[in-house]
Amino acid sequence: MPDTPRSYYAPSIPQTVGVSFGEFMPPEYSGEPFDIVVACDLGRAIYGFRDGAVAWSKHFPASWPRALDVFEGLMFYGDGMNIVVGNPQTGFVHRTYPMPAVVNAIKVTRFGSVVYVTVCFDINGANSVRVYRWQDFALSQFFSNSHVAKHPRGAYCYAGWVFVADTFGHRVYAVDMASGAMRNSTMVYYPNTIEPISSDKVRICAEHENRVFVWDYYPTDSREMELCAPVLPYSDITATRDQIIAQEWRTATGDYSPQKSACAMEYAGPVTLYSPNSATMTPHGLLVADTDNHRVILVRNGAIVASISGFNNPTTAVMS
């Protein structure tokens, strides 16, 4: 059995084991150099990379940084019950905004001339997702989601709709902001980040489905796989949340106690996912926080073109 195992999801229990806090060794970058920002909740740190090297880092002994986005040259991240806005190239802080609860996720989008900041709070219930308008460094609340979301870790506003990753409720759903009505939903086994592709399509990072896929919520209610662990049942896009829950214990393997999933890099190879927490499409490929492999990867045409290893539980990665 390896010395000092890092945290990983043990599918036979099922739960995450080996949890520790703080940094591991300094992250190691390989492959094509890019400017990337990474938030690590168990590592309690955010790292900024420029040209493939660490340019700055921030440490959060009292909070678990997860919420992170970069929009039009500004970085938005969560520090406990605050949203911080800064420079993603230097880490310099411009503004701090107090929020009503711990911030789980931030997604900044523009529709027309309006910029929206959608915030997920670490709340189990209604109003855990709220949309703010952003203008001249001012945030003003625009919409509050009256539908229950259990500790949501992803949401965004687009074209009059709010899309919500109801993480611990195991679903993604769409809300019409004009009426407040929920219009469609799909079951997902721990959805984390979600992002818009179009008014009809949503990119979903499904943590315990070990995959990233596109949900065409209207009119077909269909799914298209973008990246997954090369392990059944996760690699079968038709496998439902309930089927994965029923079968995941079969993937437990290896010289660990309890056993890891066969999705782990040492068993599945480098092009895999093990409990990913974020995925975003960039001009250079799909950028994924491959959380239980403790790395961030950039995948293009089915190959890893950049990788950063050595993180303690990377949860969100974005390009800056």
Side-chain angles (χ1 to χ4, degrees), residues 1-20 24 40-42 151 153-154 165-172 186-194 203-215 223-279 286-297 299 302-304 307 309-317:
M1 177 176 162
D3 293 333
T4 317
R6 298 175 177 180
S7 61
Y8 62 92
Y9 180 71
S12 60
I13 301 182
Q15 67 182 47
T16 297
V17 299
V19 172
S20 61
F24 293 149
C40 303
D41 61 354
L42 298 185
H151 307 286
R153 293 178 176 175
D166 179 8
T167 306
F168 286 81
H170 302 294
R171 59 180 178 166
V172 172
T186 188
M187 299 305 293
V188 182
Y189 192 19
Y190 283 100
N192 280 294
T193 59
I194 58 175
R203 176 171 291 104
I204 299 173
C205 180
E207 180 178 0
H208 291 314
E209 293 186 19
N210 295 297
R211 59 195 184 188
V212 178
F213 63 89
V214 173
W215 174 41
R223 298 182 177 194
E224 178 184 353
M225 189 80 80
E226 287 193 318
L227 184 66
C228 67
V231 176
L232 289 172
Y234 314 111
S235 58
D236 179 2
I237 194 61
T238 68
T240 67
R241 181 203 71 146
D242 290 344
Q243 289 172 333
I244 289 172
I245 291 173
Q247 298 176 43
E248 65 178 340
W249 64 273
R250 299 178 185 272
T251 71
T253 190
D255 188 22
Y256 290 82
S257 182
Q259 290 182 312
K260 281 190 172 185
S261 170
C263 298
M265 190 167 49
E266 55 262 51
Y267 308 120
V271 185
T272 187
L273 296 176
Y274 192 6
S275 299
N277 272 227
S278 80
L286 186 67
L287 183 65
V288 183
D290 185 14
T291 305
D292 281 12
N293 280 319
H294 300 282
R295 62 177 184 165
V296 168
I297 54 174
V299 179
I304 296 173
S307 177
S309 60
F311 294 113
N312 186 358
N313 224 58
T315 48
T316 313

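For this chain, numbers begin at 1 and follow the sequence in order.
- Here the CZ-CD1 distance, from R223 to I204, works out to 6.0 Å after rounding to the nearest 0.5 Å.
- In this structure the side chain of H294 never reaches within 4.5 angstrom of the side chain of L42, judged on heavy atoms.
- Residue N277 forms a side-chain hydrogen bond (donor to acceptor under 3.5 Å, both in side chains) with just one option from T291, T315, D41, T193, and that option is T291.
- For Y9, the ring pair (Phe, Tyr, Trp, His ring centres under 6.0 Å) partners at least two apart in sequence or on another chain are H208.
- Nearest heavy atom pair, residue A289 against residue A317, reads CB-N, 4.4 Å.
- Looking only at distances, no side-chain donor or acceptor of T167 sits under 3.5 Å from a matching main-chain atom of Y190.
- Scanning both residues, V231 and A262, for their nearest heavy atoms gives CG2-O, 3.7 Å.
- Annotation: side chain of L287 is not in contact with side chain of I297 (no heavy-atom distance under 4.5 Å).
- Scanning for side chain to side chain contact (heavy atoms under 4.5 Å, CB included) contacts around A239 gives R211, P233, D236, Q243, I244, with sequence neighbours left out.
- The salt bridge (Lys or Arg N to Asp or Glu O under 4.0 Å) contacts involving residues 243-252 comprise nothing, where partners must be two or more places apart or lie in separate chains.
- For the pair E226/V214, a side-chain contact is recorded, criterion being any heavy-atom separation below 4.5 Å from C-beta on.
- For the atom pair OH (Y189) and CG (D242), the distance works out to 10.0 Å, reported to the nearest 0.5 Å.
- Every side chain to side chain donor-acceptor pair (under 3.5 Å) that D290 has, sequence neighbours left out, goes to N293, R295.
- Under the side chain to side chain contact (heavy atoms under 4.5 Å, CB included) criterion, Q259 pairs with A252, not counting sequence neighbours.
- Contact check for P276 versus N210: side-chain heavy atoms found under the 4.5 Å cut-off.
- The OH atom of Y274 lies 8.5 Å from the OH atom of Y234; values are rounded to the nearest 0.5 Å.
- The closest side-chain heavy-atom distance from Y8 to T16 is not below 4.5 Å.
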Result block: side-chain N/O donor-acceptor pairs under 3.5 angstrom for residues 265-272, not counting sequence neighbours:
| from | atom 1 | to | atom 2 | distance (Å) |
| --- | --- | --- | --- | --- |
| E266 | OE2 | Y256 | OH | 2.9 |
| E266 | OE2 | K260 | NZ | 2.9 |
| T272 | OG1 | C263 | O | 2.8 |

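- C228 has its side chain out of reach of E209: every pair of non-hydrogen atoms, C-beta onward, lies at least 4.5 Å apart.
- Evaluation of the ring pair (Phe, Tyr, Trp, His ring centres under 6.0 Å) rule for F311 yields Y47 as partners, not counting sequence neighbours.
- Nearest heavy-atom pair, F213 versus A206, reported as atom, atom and distance to 0.1 Å: CE2-CB, 3.9 Å.
- Listed by chain and number, the residues in a side chain to side chain donor-acceptor pair (under 3.5 Å) with S261 are T251 (sequence neighbours excluded).
- By the side chain to side chain donor-acceptor pair (under 3.5 Å) test, H170 is found to be paired with no residue, residues two or more places apart in sequence or in another chain being considered.
- The two residues N312 and S20 have their closest heavy-atom pair at ND2-O, 3.0 Å.
- Qualifying side chain to side chain donor-acceptor pair (under 3.5 Å) partners for R171, counting only residues two or more places apart in sequence or in other chains: D166.
- Across all their heavy atoms, L273 and L227 have their closest contact at CD1-O, 3.8 Å.
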